[in-house]
Amino acid sequence: MSRFSAATLVLDAEAEVERIVTEMRRLLRADLKRRGLVLGLSGGIDSSVCAALAVRAVGAERVFGLYMPENDSDPESLALGQSVAGTFGFAAEIEDIGPALSAMGCYERRDAFIRQLVPGYGVGWVCKVVIANPLEGLGLAVSSLVVQPPGGEQQKIRLTAEVYQGIIAATNMKQRTRKQLEYFHADRLNFAVIGTPNRLEYDQGFFVKNGDGAADLKPIAHLYKSQVYQLARHLGVPETICRRPPTTDTWSMAQSQEEFYFSLPYDRMDLCLYGLNHGLPAAEVAAAAGLTHAQLEAVWADIERKRVATRYLHLPPLLVA
């Protein structure tokens, strides 16, 4: 029996693609009863793979993409999203959600909470939220705010629960506004909406309820992120996207996913999650992920905490009777 390693997660890419697209066709026809697929294009690996799978499943003429930039978006995201639509030959439109978010007070509500800790925060400042690394032995992953004034130095301030919740509540308007537009276009076309989470995100609740968590079909939620990259290269996703580090693209400062949510980069998180899901010996998983036993235990504890804390995100509306 071969020792557990990154090779354990390697797929037969073509067989997996064919299995996914066959099931997508079946679900679309038998359960959803829709004639095509809509999805948001972020310029990231997950939405790009989902777009490629959608085209394989129903044809380019029955796939519709949306680019939905806002005031804090990286301009590169739009260009990368457009490269996906161009590569796979489906129609897509730009829906700039910045004006809608401004009208709803998304940015001002967020900034008002930030000013509770940084009174001078205003025009020209940038920000992001980061978590403490559980590998550093700090216990719970306490969140901090990072801000930077125009031409000035970064400051890092530990967040109170009230300010953290307020900032996140305002920021979640972005994902919910995008989903409104996806469903508008799905309704007018009689299409279904694709959700794009991979297994890491789906398992640990890295999505917004009724935002990017809302969808009719989630074709890659069973795939570890490293497997998504395998399918991306097999399907011909542009290499610039395959090489781009995963990012939230939600904050005005550049931010990696592990800064905001995950304990480790995705390739090592995949190994830790796979090992936990399959009951593999801790020593074997730690060696594969390049961790000490204590570090692996901290990562596994962090996974379990996130599963408990985000369980409600997976629940449908609860009925009293």
Side-chain angles (χ1 to χ4, degrees), residues 9-42 44-66 81 84-85 87-93 175 178-237 241 270 273-274 277-278 313-317 319:
L9 277 67
V10 173
L11 297 166
D12 179 332
E14 181 56 30
E16 182 63 19
V17 166
E18 189 55 38
R19 190 184 74 80
I20 292 171
V21 300
T22 298
E23 184 65 1
M24 289 173 72
R25 293 186 198 112
R26 187 192 71 79
L27 292 170
L28 197 62
R29 179 178 62 251
D31 294 339
L32 298 171
K33 302 187 186 307
R34 294 293 183 268
R35 56 184 294 273
L37 296 162
V38 168
L39 78 163
L41 296 166
S42 68
I45 198 74
D46 298 317
S47 66
S48 300
V49 168
C50 286
L53 290 169
V55 170
R56 281 279 292 261
V58 301
E61 70 281 359
R62 290 198 288 162
V63 176
F64 184 75
L66 285 169
V84 173
T87 296
F88 297 105
F90 58 90
E93 291 182 5
Q175 286 83 356
R178 290 188 173 109
K179 197 57 62 171
Q180 281 188 318
L181 288 167
E182 289 175 32
Y183 271 100
F184 163 75
H185 288 284
D187 288 349
R188 74 175 181 83
L189 295 167
N190 196 29
F191 283 8
V193 171
I194 287 183
T196 65
N198 59 65
R199 188 167 191 155
L200 282 180
E201 295 168 349
Y202 188 75
D203 180 282
Q204 293 177 70
F206 185 46
F207 56 86
V208 176
K209 192 163 189 173
N210 296 324
D212 53 340
D216 300 312
L217 176 63
K218 297 181 179 181
I220 63 169
H222 65 293
L223 294 177
Y224 293 91
K225 184 115 182 173
S226 54
Q227 294 174 330
V228 176
Y229 277 95
Q230 292 173 46
L231 293 198
R233 290 191 162 89
H234 178 77
L235 289 163
V237 168
I241 294 173
D270 278 352
L273 184 60
Y274 185 98
N277 288 344
H278 291 82
L313 297 176
H314 293 273
L315 296 176
L319 307 181

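Side chains included, hydrogens not; waters and symmetry mates left out as well; all remaining heavy atoms used.
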Asker: Could you tell me which non-hydrogen atom of Val237 sits nearest to which non-hydrogen atom of Ser48, and how far apart they are?
Answerer: CG1-CB, 3.8 Å

Asker: What is the minimum heavy-atom distance between Lys218 and Gly213, and which atoms define it?
Answerer: NZ-O, 2.7 Å

Asker: Which heavy atom of Ile194 sits nearest to which heavy atom of Pro219, and what is that distance?
Answerer: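 Between these two residues, the closest heavy atoms are CG2-CD, 3.8 Å.
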
Asker: If I compare all heavy atoms of Ala51 with all of Leu41, which pair ends up nearest, and what's the gap?
Answerer: CB-CD2, 4.0 Å

Asker: Tell me, yes or no, whether the heavy-atom count around Arg25 atom CZ, taken from other residues, nucleotides or ligands under 6.0 Å, exceeds 12.
Answerer: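 Atom CZ in Arg25 is crowded, with more than 12 foreign heavy atoms closer than 6.0 Å.
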
Asker: Are Thr196 and Ser47 close enough that a side-chain donor and a side-chain acceptor fall under 3.5 Å?
Answerer: no

Asker: Taking all atoms of both residues into account, what is the closest heavy-atom pair of Val84 and Phe90, and its distance?
Answerer: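 Heavy atoms only, the tightest pair is O-CE2, 3.9 Å.
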
Asker: Should Asn198 and Leu223 count as side-chain neighbours, where that means a heavy-atom distance under 4.5 Å?
Answerer: no

Asker: Using the ring centroid of each side chain, check whether Tyr229 and His234 are separated by less than 6.0 Å.
Answerer: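 No.
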
Asker: Run the ring-centre check on Phe64 versus Phe191 and record whether the distance is less than 6.0 Å.
Answerer: no

Asker: Kindly say whether Gly211 contributes a backbone atom to a donor-acceptor pair with the side chain of Arg178 at under 3.5 angstrom?
Answerer: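 Absent.
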
Asker: Is any side-chain heavy atom of Lys225 closer than 4.5 Å to one of Glu201?
Answerer: yes

Asker: In chain order, what residues pass the salt bridge (charged side-chain N to carboxylate O under 4.0 Å, His left out) check against Arg29, with sequence neighbours excluded?
Answerer: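 None.
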
Asker: Rounded to the nearest 0.5 Å, what's the gap from NE2 on His222 to CZ on Arg199? Could you check?
Answerer: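 Here the interatomic distance stands at 8.5 Å.
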
Asker: Is the backbone of Leu11 close enough, under 3.5 Å, to the side chain of Gln227 for a donor and an acceptor to pair up by distance?
Answerer: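 Not confirmed, Gln227 side chain does not pair with Leu11 backbone.
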
Asker: Measure across Val193 and Ala214 and return the closest heavy-atom pair with its distance rounded to 0.1 Å.
Answerer: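 Shortest heavy-atom contact: CG1-O, 4.5 Å.
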
Asker: Does some side-chain heavy atom of Phe184 sit less than 4.5 Å from a side-chain heavy atom of Lys179?
Answerer: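 Lys179 does not reach Phe184 side chain to side chain.
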
Asker: Between the side chains of Glu23 and Arg56, is the shortest nitrogen-to-carboxylate-oxygen separation below 4.0 Å, so that they form an ion pair?
Answerer: no

Asker: Going by the side chain to side chain contact (heavy atoms under 4.5 Å, CB included) test, name the single residue among Leu217, Thr22, Asp216 that passes it with Leu27.
Answerer: Leu217

